[in-house]
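Encoded as C-alpha cells, the structure appears first; notes follow it.
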2 protein chains.
Amino acid sequence: MDADISSLKTANGNEARHEIVRAAAEVFMEFGFAATSIDAVAERLGATKGRIYHYYGSKAELYFDVQIAAMERLLREIEPIAQGEGNAAERLEAMALRHATILMEDLPMQKVAVRGLERELLGAVAARHAKTLRSIIRLRDDYEQIFAEVVDAGIRDGLFVDLPPRLATKPFFGALNWLTVWYVPRRLQKPEDVAEIARTLTGFAMRGILKGAQP
Amino acid sequence: MDADISSLKTANGNEARHEIVRAAAEVFMEFGFAATSIDAVAERLGATKGRIYHYYGSKAELYFDVQIAAMERLLREIEPIAQGEGNAAERLEAMALRHATILMEDLPMQKVAVRGLERELLGAVAARHAKTLRSIIRLRDDYEQIFAEVVDAGIRDGLFVDLPPRLATKPFFGALNWLTVWYVPRRLQKPEDVAEIARTLTGFAMRGILKGAQP
DNA sequence: TTGTCAACATACCGATCAGTATGTAGCCTC
DNA sequence: GAGGCTACATACTGATCGGTATGTTGACAA
C-alpha cells in the first residue's frame with residue numbers, strides 16, 4: 001500500500017515481512033486467530049516475538065496482512081480472466097478453475113482468508129483497526145463483484161439460470177470454497193490431483209449455474 | 001447418551017442444560033471457541049459461571065454438546081428421508097432442502113457444528129477429550145455417509161454424474177453449507193424467505209450432481 | 001426443625017499471552 | 001573508531017480467563 005521509497009532496506013523489509021506472513025498463515029490456519037499466540041508464530045519462524053513486533057504493530061495487523069495477501073493474489077489472477085475473451089460461461093469456468101487451484105496452492109493463506117473475519121475480530125479489536133477492516137471487506141466485495149458481473153452477463157445472455165446474480169454466486173462459491181474445509185494436501189502425487197479436484201469442483205459449479213436443457 | 005434414571009431432577013437438569021447450550025451456541029457462533037469466555041456465555045444467560053460449571057465440567061465439554069445437539073437434529077430429520085420412498089434424485093433433493101432449512105432455523109448451533117472441530121481444539125484439549133472427539137467425528141461421518149449412500153444409488157442408476165460418491169458430496173455440501181458463511185437472518189419476513197433460499201440452493205446443488213442432457 | 005442436597009453465586013488462583021521496554025550485535029557511514 | 005541505525009533477542013508487566021473452592025438459598029425429607 002505504501003512501499004515507495006524502495007531501496008535495499010525496503011526490499012529486505014518486504015521479504016522479511018513475507019516470511020512472517022507465510023509462517024503466520026500456517027499457524028492461523030491451524031488454530032484460528034484467537035488461539036494463535038504470537039510466540040507460536042515466532043517459534044514456527046525459529047525466532048522470537050521481537051522479530052514479529054519489529055515488523056508488525058499487533059497480532060491483528062499481522063492477521064490482516066495474511067488476508068490481504070490472499071485476496072490480492074486472487075484479484076490479481078482472476079480479474080484478467082474476467083476481462084478476457086470468451087462468453088460468460090467460458091470466462092466463469094476459467095475463473096472458477098483458477099480460483100479453486102489457487103485455494104489449494106496457497107492453502108494456509110487462502111483458508112485463513114476464506115474463513116474471513118469471522119466475528120472473532122469484530123467484537124474484539126474492531127474499533128482500533130476499523131479502517132483496515134473496511135479495506136479488507138472492500139477487497140472481498142470487489143472480488144465477489146468480479147464474479148457477480150460475469151454471472152450477470154451470463155444471465156442476460158440466457159446462458160445461466162434466472163436468479164439474482166448475488167444470490168447465484170453464493171452456492172457457486174460454496175461449491176468451490178468448501179474445499180478449504182475438507183481438502184488435506186497429501187505429500188507427493190500433487191500436481192495432477194490438484195488439477196483433477198479443481199476440474200471436478202468447477203464442473204459441479206458450472207452445471208449448477210448453467211441453464212439446463214431438460215425442463 | 002446416559003440419561004436414564006430420569007426423574008424430575010434429570011428432566012429439569014436436561015432443560016437447564018439445554019438453555020445453556022442455546023446461549024453457548026450463540027456466543028460460540030459469534031466469537032468461535034477460543035475467543036468465547038465462559039463468563040460471556042454466563043452473561044448471555046443472565047447468570048454467572050457457577051451455573052455453567054454446575055452442569056458442565058469444562059468449556060470444551062460445553063462446546064461438544066453444542067455440536068452434538070446440532071448433529072443429532074440433522075441425523076434425526078434427514079435419515080428418515082434417506083430411507084423413505086422415491087428415487088435417489090427425489091430423496092436427495094428432499095434431504096438437501098431439509099438440510100438447508102435446518103441450517104437456517106438453528107443457525108447458531110448449526111454454524112458452530114459446520115465450522116466443526118476446526119483445529120482450535122485438536123491442538124489444545126485433544127488428549128483430555130479424545131473419546132468425545134471421536135464420537136463427534138463419528139456423528140459427522142455417519143451424516144455424510146447418509147448422503148453418500150443416496151448419491152451412490154443415484155450414480156448406479158445413471159441419474160447422477162459419474163464421480164466417486166465421497167467426492168461428489170463435497171461440492172454438494174459446499175453449495176448448501178456455505179450459507180452458514182453468508183446468511184444473516186433478518187427480522188420479520190422470515191418463514192417464506194428461508195424456504196426460498198433453501199429451494200435456490202437445493203436447485204443449484206441438484207443441477208450440479210444430476211447428469212445433464214446436453215453433452 | 002433439622003439435615004440434605006440441588007442449584008446456583010462469589011471469591012480466588014494460576015497460567016497464558018499481547019504488548020512494551022530494554023538490551024545488543026552487526027553493519028554502514030563519515 | 002565513534003555514532004547511528006537496523007534487526008532482532010530477552011525480560012517484564014498487566015489483563016484476561018479457565019477452573020476451583022467456598023459460600024448461600026430454597027425445597028424437600030423424615
Side-chain angles (χ1 to χ4, degrees), chain A residues 3 5-24 27-28 30-66 120-121 123-129 132, chain B residues 3 5-24 27-28 30-66 120-121 123-129 132:
Chain A
I5 323 173
S6 51
S7 68
L8 273 169
K9 253 175 288 177
T10 308
N12 288 344
N14 281 345
E15 182 46 39
R17 281 173 70 101
H18 198 251
E19 256 187 79
I20 295 172
V21 164
R22 271 199 309 253
V27 188
F28 281 138
E30 271 187 71
F31 302 103
F33 175 78
T36 293
S37 71
I38 293 289
D39 289 293
V41 176
E43 195 180 343
R44 176 129 344 180
L45 275 169
T48 68
K49 287 167 103 138
R51 172 133 169 231
I52 294 170
Y53 277 104
H54 181 67
Y55 293 96
Y56 287 96
S58 71
K59 182 168 125 175
E61 197 183 307
L62 175 55
Y63 190 73
F64 293 151
D65 222 31
V66 173
E120 352 189 295
L121 286 185
V125 239
R128 284 268 160 247
H129 304 267
T132 312
Chain B
I5 324 171
S6 51
S7 67
L8 272 168
K9 252 174 287 177
T10 308
N12 287 344
N14 280 346
E15 182 45 41
R17 281 172 70 100
H18 198 251
E19 256 186 82
I20 295 172
V21 165
R22 271 198 309 253
V27 188
F28 281 137
E30 272 186 72
F31 303 104
F33 176 78
T36 293
S37 71
I38 293 289
D39 289 294
V41 176
E43 194 180 344
R44 176 132 343 182
L45 275 169
T48 68
K49 288 168 102 142
R51 173 133 168 230
I52 293 171
Y53 278 103
H54 181 68
Y55 292 97
Y56 288 95
S58 70
K59 182 169 125 176
E61 198 183 307
L62 175 56
Y63 189 73
F64 294 151
D65 222 30
V66 173
E120 354 189 291
L121 287 185
V125 239
R128 284 265 159 247
H129 304 268
T132 313

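Model, not experiment: these values are computed from the prediction. Letters go in sequence order (proteins before strands), and every chain restarts at 1.
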Expressed in angstrom and rounded to an integer, what is the separation of B:Ile38 atom CD1 from C:dC12 atom P? 21 Å
Between D:dG18, D:dC8, C:dA18, which one does the side chain of A:Arg51 approach most closely? D:dC8
Could you give the CZ-to-P distance, from B:Phe28 to D:dC17, as a whole number of Å? 13 Å
Here the distance between atom C1' of C:dA7 and atom CD of B:Glu15, to the nearest Å, is 15 Å
Does B:Glu43 have more than 12 heavy atoms from other residues, nucleotides or ligands lying within 6.0 Å of its CD? no
One pair to check against side chain to side chain contact (heavy atoms under 4.5 Å, CB included): B:His54 and B:Arg51. What are the steps and the verdict? CA-CA 5 Å; B:His54 181 68; B:Arg51 173 133 168 230; 5.8 Å; no
Can you tell me the distance, in whole Å, between the CZ atom of A:Arg17 and the C1' atom of D:dA7? 14 Å
In this structure, how many angstroms lie between the C1' atom of D:dA9 and the CD atom of A:Glu43, rounded? 15 Å
Would you confirm whether A:Arg17, through its side chain, and A:Tyr55, through its main-chain N or O, come within 3.5 Å as a donor-acceptor pair? yes
Could you tell me whether the side chain of B:Lys59 has a donor or acceptor atom within less than 3.5 Å of a complementary atom in the base of D:dG19? no
Would you indicate what B:Thr48 reaches in the nucleic acid, counting non-hydrogen atoms under 4.0 angstrom: base, sugar-phosphate, or nothing? base
Length of the CD-P vector between A:Glu19 and D:dA7, whole Å: 13 Å
Just how far, in rounded Å, is P of D:dG18 from CD1 of B:Ile52? 10 Å
Verdict with reasoning, B:Leu45 to B:Ile52, per side chain to side chain contact (heavy atoms under 4.5 Å, CB included): CA-CA 9 Å; B:Leu45 275 169; B:Ile52 293 171; 4.2 Å; yes
Starting from P on D:dA7, measure out to OH on A:Tyr56 and report it in whole angstrom. 14 Å
Let's see if you can work this out: which of D:dA7, C:dA9, D:dC17 has an atom nearest to the side-chain heavy atoms of B:Ser37? D:dC17
Tested for ring pair (Phe, Tyr, Trp, His ring centres under 6.0 Å) against B:Tyr63, the lone hit among B:Phe31, B:Tyr56, B:Phe33 is B:Phe33
With a 4.0 Å limit, can you tell me whether B:His54 has a side-chain N or O closer than that to the phosphate oxygens OP1/OP2 of C:dC8? no
Nearest-neighbour nucleotide for the A:Tyr55 side chain, C:dT20, D:dA7, D:dG19 considered: D:dA7
Return yes if the base of C:dA18 and the side-chain atoms of A:Lys49 contain a donor-acceptor N/O pair under 3.5 Å, otherwise no. yes
